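Take a look at the structure below.
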Amino acid sequence: MSKEPRQHYRNFRTVTYIPAAITQRGTRTQIERDLAFLEKYVGLDKVYLETFRGDTFASKEKVLLWKSILEDHGVEVSGGFTTVMPDIPGNGDEKRQRLFGTLCYSNEAMRRKIKEVSEFTAGIFDEVILDDFYFTNCTCEDCIRKKGKRTWKEFRRDLMVDASKNLIVGPAKKVNPNVKMIVKFPNWRESFALAGYRPGEEKDIFDKVYTGTETRMAAFQDQHLPGYLSYSLMRWMENAAPGRNGGGWLDTYQCWSTDRYLEQAYLTVLSRGREVMLFQWSDLIGNKFTAPLGIQLHKLDEYLSKAGKPVGVPCYIPFASSGENHVEMRLGMQGIPIEPTPYFPENAKTVLLTESSLEDKDIFAKIRGQLLSGRDVVVTSGFVQKAPADLWHEYSELFYTGRKITADRYWITDDRAGYIDGAEPVLFPDMQHGNNASWALLDGGSGDYHCALFTKSPYGPGRLFTLSIPENPDDLSRMPEETLDPVKKVMNVNGLYVTGRNVSLFQYDDGTFVLYRYVTDPIHDVCVTVHAGADAKELVSLNTNPHTGRKDIIPLREVKTSFDLEGRTEKTAQLILPPGEPAAFRLK
C-alpha cells in the first residue's frame with residue numbers, strides 16, 4: 001500500500017525530475033538503491049516522471065513501475081514530458097533547421113505526435129509538467145508562409161497559444177478532467193517572446209507555472225545569467241501568476257564548484273519557492289553536491305520558519321519585453337533588494353524602470369501618475385537612451401551625449417568624505433544634466449572631466465532619479481562599495497540598506513533579512529555595514545553561534561549622515577560575512 005506523501009522541510013518541498021530515458025531503463029533494484037541515496041543526503045518529497053523526450057517514449061509498464069515503487073516509499077509522483085523530437089521519416093524534417101530538436105508547430109505530423117504524448121501522460125497522472133523546451137525557433141518554409149505579414153514575435157505568440165490550448169492542455173483535460181497542467185518557463189526571460197514563450201497568455205491557459213533558476217557559471221555560457229536570477233526570476237513569475245508558481249528548477253551543469261551549485265538553491269529557497277526542483281535524478285546520485293545541499297537546506301528552512309513575505313523595490317518588467325537584460329539582477333547582487341513584476345506597481349513608494357519598461361506604450365503616463373502622487377521613480381541610463389526625447393524631457397533635461405567616459409574618481413555629493421580617487425577604471429555612458437536644473441548625487445570621471453552617475457530631477461511633489469549603468473553591467477561590482485550608498489538611500493525598503501560589494505540583501509516584511517556574500521575572487525571574509533532607521537535598536541542573528549550555542553545580539557550605533565542636502569539619523573552596525581554562507585537576522 002502506498003504511504004502518505006511526506007515533506008522533509010517545513011517551507012518547501014524537495015523534488016527531482018526523471019527523464020524518459022531513465023524512466024525506460026529503470027529496474028526495481030536501481031530505483032530503490034538510488035532513492036535510498038537521495039533520502040539519506042537531501043530528502044525527497046516528490047518526483048516528476050517523464051514519459052517522452054526526443055526519441056524515447058517510455059512504456060506504460062515502466063512508468064507504472066516507477067510510480068508504484070516511489071509511492072510505496074511515500075514519494076509523490078507527477079508526470080512530465082519534453083517537447084523535442086528527432087526528424088520524422090518522410091515528413092520533410094531535413095529541411096527544417098530546428099535548434100535543439102524543438103518542434104515545428106506548423107507541421108501536422110509533429111502536432112499529432114505531441115498531442116498523443118499529452119493525452120498519454122494525462123491518462124496516468126493528475127499533474128503534468130512540461131520541461132522548458134516548449135518553444136519554437138523554426139523558420140521553415142511552412143512557418144514563413146503561415147507567418148505572412150506578422151512579425152516573428154506575433155506569429156510565434158499566436159502559434160504557441162494555439163498549441164497550448166489545442167495540443168497540450170485541451171487534449172489532456174479531455175482525457176483526464178482532473179489533470180493540472182504546468183508550463184515551466186526557462187531562465188532566459190528576456191528572449192521569451194522571440195521564441196514563442198508567452199507567460200502573459202500561457203499562465204491563464206495552464207493551471208500552474210514553474211521557473212528555471214539555473215544560473216551556472218555566467219562567464220562561460222551564452223545566457224549571461226547573474227546569480228541573482230535564481231531569486232529575482234522566481235519573484236517576477238510569482239507576481240505574474242500569484243500563488244501558482246510551483247517552484248524553481250536548477251541543475252548541476254557548468255557548476256564547477258559546490259558553492260556555485262548551492263547558490264542556485266539558496267536563492268531559489270529565499271524567494272519562497274514552493275518546490276526546489278533538482279534536475280535530474282541520475283545526476284544527483286553519487287554527486288559531491290548532494291550531501292552539502294541537504295545540510296544547507298535545513299539551515300535555510302530554519303530561517304524561513306521565522307521570516308515573512310519577500311519584499312523589495314519594485315522593478316517593472318512588462319511581459320514580452322527586453323532591453324538592458326538582467327540589469328536589475330546586477331543591482332540585486334550589489335545589495336539593492338529587487339521585486340520584479342510584469343505589472344506596474346501603482347502604489348509603490350519607489351519604482352525602478354529599465355529599458356525593458358519601455359515595452360509599455362503608456363509608461364510615461366504611469367511615470368507622471370507616480371510623480372504627481374509624491375512618489376519616486378528611478379530610471380536607468382538605458383531607459384533614457386531609448387526613450388522618445390519629447391516624452392522624456394517633460395520630466396528631466398538630462399541627456400546622453402553619445403560619448404563614453406572612464407571613471408576612476410568619484411564624488412558623493414554633499415559628503416565631505418565622499419571623494420574617492422584611484423579606483424578601478426569603469427566605463428560609463430556620458431550623461432549630462434543642466435546645472436542646478438537637476439542635482440547630481442554621485443559623479444564619476446577621470447582627469448578634469450566627470451559626468452553624473454546618479455541624478456535627481458524634481459517633478460511636482462515627486463522625484464525622478466537617473467542611474468547610470470556601466471557599459472559592462474558587471475562593473476557595478478568593481479565600483480567602490482560606498483559609491484552605491486546614495487542609490488541605496490533611495491532604493492530601499494523601510495530604510496534598511498547595506499554597504500558592501502558583491503553582497504545581496506534579501507528582505508522580508510516582518511523585519512527579517514538575509515545577507516549573502518557571493519563566492520567571487522578574491523575569496524575571503526568581508527566587512528559590511530548595515531544601515532537602519534533611527535528607531536532601530538539591535539540586530540538579532542538567526543544563525544546559532546557555534547562557540548556559544550546562542551543567537552548573537554548586535555547593537556546598533558547612531559550616526560548622522562549627509563545626503564541630498566538633508567541631514568538624517570541612521571543606526572549602523574558592522575558585520576563580518578564569509579563567502580558562500582547565508583547570514584540571517586531580525587531587525588528590532
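We're numbering straight along the sequence, starting at 1. Both backbone and side-chain heavy atoms feed into the values below; hydrogens, waters and symmetry mates do not. Predicted, not measured: the structure shown is a model, and the values here were computed from it.
- Tyr266 and Gln296 share a side-chain donor-acceptor pair at under 3.5 Å.
- A distance of 8.5 Å separates SG of Cys140 from NZ of Lys146, quoted to the nearest 0.5 Å.
- Checked by atom type and distance alone, the side chain of Asn239 never pairs as donor or acceptor with a backbone atom of Pro342 at under 3.5 Å.
- Side-chain contact between Met110 and Tyr105 is absent, with no heavy atoms from C-beta onward closer than 4.5 Å.
- When all heavy atoms of Gly196 and Arg156 are compared, the closest pair comes out as CA-CB, 3.8 Å.
- Side-chain contact, Asn11 with Ser305: a donor N or O sits under 3.5 Å from an acceptor N or O.
- We find the CG-CG distance between Asn187 and Leu250 to be 11.0 Å, quoted to the nearest 0.5 Å.
- Checking Asp283 against Tyr253 by side-chain atom types alone, a donor-acceptor pair falls below 3.5 Å.
- You'll find the side chain of Ile18 reaches within 4.5 Å of the side chain of Leu70, heavy atoms only.
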Run the numbers on Arg112 and Glu116 for salt bridge (Lys or Arg N to Asp or Glu O under 4.0 Å), then give the verdict. CA-CA 6 Å; Arg112 285 194 300 271; Glu116 175 193 353; over 6 Å; no

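- Partner of Leu278 under the side-chain contact (heavy atoms from CB on, under 4.5 Å) criterion, out of Asp251, Leu284, Thr252, Leu44: Leu284 alone.
- No donor-acceptor pair under 3.5 Å is formed between the side chain of Thr215 and the backbone N or O of Leu225.
- Expressed to the nearest 0.5 Å, how far CG of Asn347 lies from CZ of Arg375 amounts to 5.0 Å.
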The test is side chain to side chain contact (heavy atoms under 4.5 Å, CB included); show your working for Met491 and Phe465 and say whether it passes. CA-CA 10 Å; Met491 296 177 64; Phe465 296 90; over 6 Å; no

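- Looking at Thr341, its side chain does come within 3.5 Å of a backbone N or O of Tyr343 through a donor-acceptor pair.
- Judged by distance alone, the side chain of Asp45 and the main-chain N or O of His8 form a donor-acceptor pair under 3.5 Å.
- Between Phe52 and Phe120, the distance from one ring center to the other does not fall under 6.0 angstrom.
- Without hydrogens or angle criteria, Asp131 side chain to Gly80 main chain gives no donor-acceptor distance under 3.5 Å.
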Derivation and outcome, side chain to side chain contact (heavy atoms under 4.5 Å, CB included), residues Thr268 and Phe12: CA-CA 10 Å; Thr268 300; Phe12 51 87; over 6 Å; no

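- At least one side-chain heavy atom of Tyr459 sits under 4.5 Å from a side-chain heavy atom of Leu372.
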Worked verdict on Phe81 versus Ile168 for side chain to side chain contact (heavy atoms under 4.5 Å, CB included): CA-CA 11 Å; Phe81 62 90; Ile168 306 295; 4.2 Å; yes

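- Without hydrogens or angle criteria, Asp510 side chain to Thr512 main chain gives a donor-acceptor distance under 3.5 Å.
- Using a 4.0 Å cut-off between charged nitrogen and carboxylate oxygen, Lys349 and Glu339 do not count as a salt-bridge pair.
- Side-chain contact annotation: Tyr518 with Ser504, donor-acceptor N/O pair under 3.5 Å present.
- Atom CG of Asp475 sits in a crowded spot, with more than 12 heavy atoms from other residues, nucleotides or ligands closer than 6.0 Å.
- Looking at Arg53 and Thr23, their side chains never come closer than 4.5 Å, going by heavy atoms from C-beta outward.
- One distance of note links OG of Ser232 with CD1 of Ile317; it measures 7.0 Å at 0.5 Å rounding.
- Between Ala122 and Val179 the shortest heavy-atom distance is CB-CG2, 4.2 Å.
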Evaluation steps, side chain to side chain contact (heavy atoms under 4.5 Å, CB included), between Leu38 and Trp281: CA-CA 9 Å; Leu38 294 172; Trp281 175 282; 3.8 Å; yes

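- Within the 4.5 Å cutoff, the side chain of Lys203 has heavy atoms near those of the Phe319 side chain.
- Salt-bridge check for Glu238 with Arg272: failed, with every basic side-chain N at 4.0 Å or more from each acidic carboxylate O.
- Of all non-hydrogen atoms in Val63 and Ala58, the two that sit nearest each other are CG2-CB, 4.0 Å.
- Proximity of a side-chain donor or acceptor of Lys147 to a complementary backbone N or O of Trp152 within less than 3.5 Å is not detected.
- Glu202 is listed as a side-chain neighbour of Phe185, based on a closest heavy-atom distance under 4.5 Å.
- Using modelled atom types, one finds no donor on one side chain facing an acceptor on the other under 3.5 Å when comparing Arg189 with Tyr197.
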Using the salt bridge (Lys or Arg N to Asp or Glu O under 4.0 Å) rule, take Arg244 and Asp204 through it: C-alpha gap first, then chi angles, then the decisive distance, then the call. CA-CA 10 Å; Arg244 294 191 291 121; Asp204 297 321; 3.7 Å; yes

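- In the displayed structure, Glu154 atom CD is contacted under 6.0 Å by more than 12 heavy atoms of other residues, nucleotides or ligands.
- Side chains of Glu324 and Thr354: a donor-acceptor N/O pair is absent below 3.5 angstrom, by distance only.
- Judged by distance alone, the side chain of Arg157 and the main-chain N or O of Ala193 form no donor-acceptor pair under 3.5 Å.
- The two residues Ser106 and Cys143 come nearest to each other via the heavy atoms OG-SG, 3.2 Å.
- Side-chain atoms of Trp249 and Tyr17, non-hydrogen and from C-beta on, do get closer than 4.5 Å to each other.
- Taking CD of Glu359 as the start and OG of Ser321 as the end, the distance is 6.0 Å to the nearest 0.5 Å.
- Rounded to the nearest 0.5 Å, atoms CD (Gln7) and CG (Asp301) are 8.5 Å apart.
- The two residues Ser78 and Glu127 make their nearest non-hydrogen contact at OG-OE1, 2.7 Å.
- Here the two rings, on Phe135 and Trp188, have centers that are under 6.0 Å apart.
- In this structure a side-chain-to-backbone donor-acceptor pair under 3.5 Å is missing from Glu328 to Ile338.
- In this structure, a donor-acceptor pair under 3.5 Å is absent between the side chains of Ser230 and Glu263.
- Across all their heavy atoms, Glu50 and Ala20 have their closest contact at OE1-N, 2.7 Å.
- A salt bridge does not link Asp362 with Arg368: every distance from a Lys NZ or Arg NE/NH1/NH2 to an Asp or Glu carboxylate oxygen is 4.0 Å or more.
- Side chains of Arg330 and Ser477: no donor on one and acceptor on the other come within 3.5 Å.
- In summary, Lys46 and Glu275 engage in a salt bridge, as defined by a charged side-chain N under 4.0 Å from a carboxylate O.
- Considering Trp392, Phe344, Phe383 in turn, Phe383 is the only one that fulfils the ring-ring contact (aromatic ring centres under 6.0 Å, His included) rule with Phe364.
- Between Phe155 and Thr136 the shortest side-chain heavy-atom distance does not fall below 4.5 Å.
- Panel note: side chain Thr102, backbone Phe133; no donor-acceptor pair is recorded below 3.5 Å.
- A side-chain donor from one of Asp360 and Tyr316 sits under 3.5 Å from a side-chain acceptor of the other.
- Ser164 and Tyr134 share a donor-acceptor pair across their side chains, judged by distance under 3.5 Å alone.
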